[in-house]
Amino acid sequence: MEKNRSHGKVDRLPAKLKKDVESRLLEGETYEDISSYLKEQGEDISYSAVGRYGRGFLKRFESVRVAKEFAKLLAEDNIDRPATELHEANNLLASQLIMEAMIDDDMDAKEKAQVAKSIATLQRAQVSNEKLKIDARKEQGAVHTAFRLFTDKIYTEIGEKYPDIAQKLYELAAETENEMAKIT
């Protein structure tokens, strides 16, 4: 069975010229200017051919850029953030790249099957990630409950005889709980 390939004139350019086209697209040059540049280089490629290539290239570039930026923002947002969120950002980036590959007309059925397996692997990783987040929330709830019980005991055991000490212990417990919440 023959592959359904989409090879425009820009795709068939020598690697250096194709790279120049991509750089010019990223710099915001018009399709007409790029077409004129290519004609100066001895390549007769119309601005509409450059436009067809440019739209696909810029779309792929932007989707990867957004995914990378999202991952970077998550990583920089809070260094104490649970690693599960960084894994989630990485999974989103990988998913984006996999979906781009699935749309690629240059892939045959066997290659697309391999990519589909990668999606299944990412889904399993995401399920594991969600389980970790649920466990972390449970632990955080358990810590909150333990602090609440501790502060109740402070008032019942110490509060009547030593109210100043009980108040200080209560403040320390609340401060510690707030610090714990920032870590998790």
Side-chain angles (χ1 to χ4, degrees), residues 1-137 182-184:
M1 187 166 156
E2 195 173 314
K3 293 181 186 180
N4 181 13
R5 294 181 184 243
S6 171
H7 288 293
K9 290 183 176 182
V10 175
D11 284 311
R12 293 188 298 260
L13 286 172
K16 186 200 178 314
L17 271 181
K18 186 175 175 185
K19 193 67 133 171
D20 287 347
V21 168
E22 291 170 350
S23 294
R24 289 170 182 266
L25 286 167
L26 292 174
E27 291 169 4
E29 282 192 35
T30 66
Y31 299 147
E32 288 179 12
D33 288 344
I34 295 170
S35 175
S36 296
Y37 165 76
L38 290 171
K39 285 177 184 164
E40 291 169 9
Q41 303 303 313
E43 300 289 343
D44 187 26
I45 298 180
S46 68
Y47 76 90
S48 59
V50 172
R52 281 189 297 275
Y53 179 81
R55 282 187 294 277
F57 171 77
L58 291 173
K59 182 180 175 187
R60 285 188 308 274
F61 179 83
E62 182 62 16
S63 65
V64 170
R65 187 197 63 76
V66 167
K68 284 181 179 177
E69 189 64 26
F70 178 68
K72 182 179 173 188
L73 287 173
L74 273 178
E76 292 175 350
D77 182 37
N78 183 350
I79 59 170
D80 294 328
R81 182 180 300 279
T84 57
E85 292 187 24
L86 297 177
H87 291 294
E88 188 172 338
N90 287 333
N91 282 352
L92 286 172
L93 177 59
S95 293
Q96 180 69 32
L97 294 173
I98 288 170
M99 294 312 282
E100 294 281 335
M102 289 292 285
I103 295 170
D104 188 353
D105 290 334
D106 292 341
M107 294 179 73
D108 62 22
K110 186 177 181 181
E111 291 169 321
K112 287 188 178 187
Q114 267 311 111
V115 171
K117 287 180 184 178
S118 297
I119 291 171
T121 301
L122 277 175
Q123 288 173 335
R124 283 191 301 275
Q126 189 61 32
V127 167
S128 295
N129 196 37
E130 290 301 317
K131 286 179 183 177
L132 285 173
K133 288 189 334 188
I134 290 168
D135 290 345
R137 282 191 219 110
K182 289 178 186 175
I183 292 172
T184 56

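Bear in mind the structure is a predicted one, so any value in this text is a computation, not a measurement. Numbering starts at 1 and runs along the sequence shown.
Atoms CG and CZ, from Asp33 and Arg24 in turn, are 8.5 Å apart once rounded to the nearest 0.5 Å. Between the CD atom in Glu43 and the CZ atom in Arg12 there is a gap of 10.5 Å [rounded to 0.5 Å]. Taking CG from Leu13 and NZ from Lys18, the interatomic distance works out to 8.5 Å, rounded to the nearest 0.5 Å. Of the inter-residue distances, the one linking Ile45 atom CD1 with Ser36 atom OG reads 12.0 Å to the nearest 0.5 angstrom.
Here the shortest heavy-atom pairing between Ile34 and Leu25 reads CD1-CD2, 3.6 Å.
For OH of Tyr37, the number of neighbouring non-hydrogen atoms (other residues, nucleotides, ligands) closer than 6.0 Å is greater than 12. In Lys19, the NZ atom is not crowded: 12 or fewer heavy atoms of neighbouring residues, nucleotides or ligands sit closer than 6.0 Å.
Taking 4.5 Å as the limit, some side-chain heavy atom of Tyr31 sits within range of a side-chain heavy atom of Arg55. When side chains are defined from C-beta on, Lys9 does not count as touching Ser46, because their heavy atoms never get closer than 4.5 Å. Side-chain contact between Val10 and Leu17 is absent, with no heavy atoms from C-beta onward closer than 4.5 Å. Side-chain contact between Val21 and Phe57: absent, with no pair of heavy atoms (C-beta onward) separated by less than 4.5 Å. Side-chain contact between Tyr53 and Asp11: present, with at least one pair of heavy atoms (C-beta onward) separated by less than 4.5 Å.
Listed by chain and number, the residues in a salt bridge (Lys or Arg N to Asp or Glu O under 4.0 Å) with Lys16 are Asp20 (sequence neighbours excluded).
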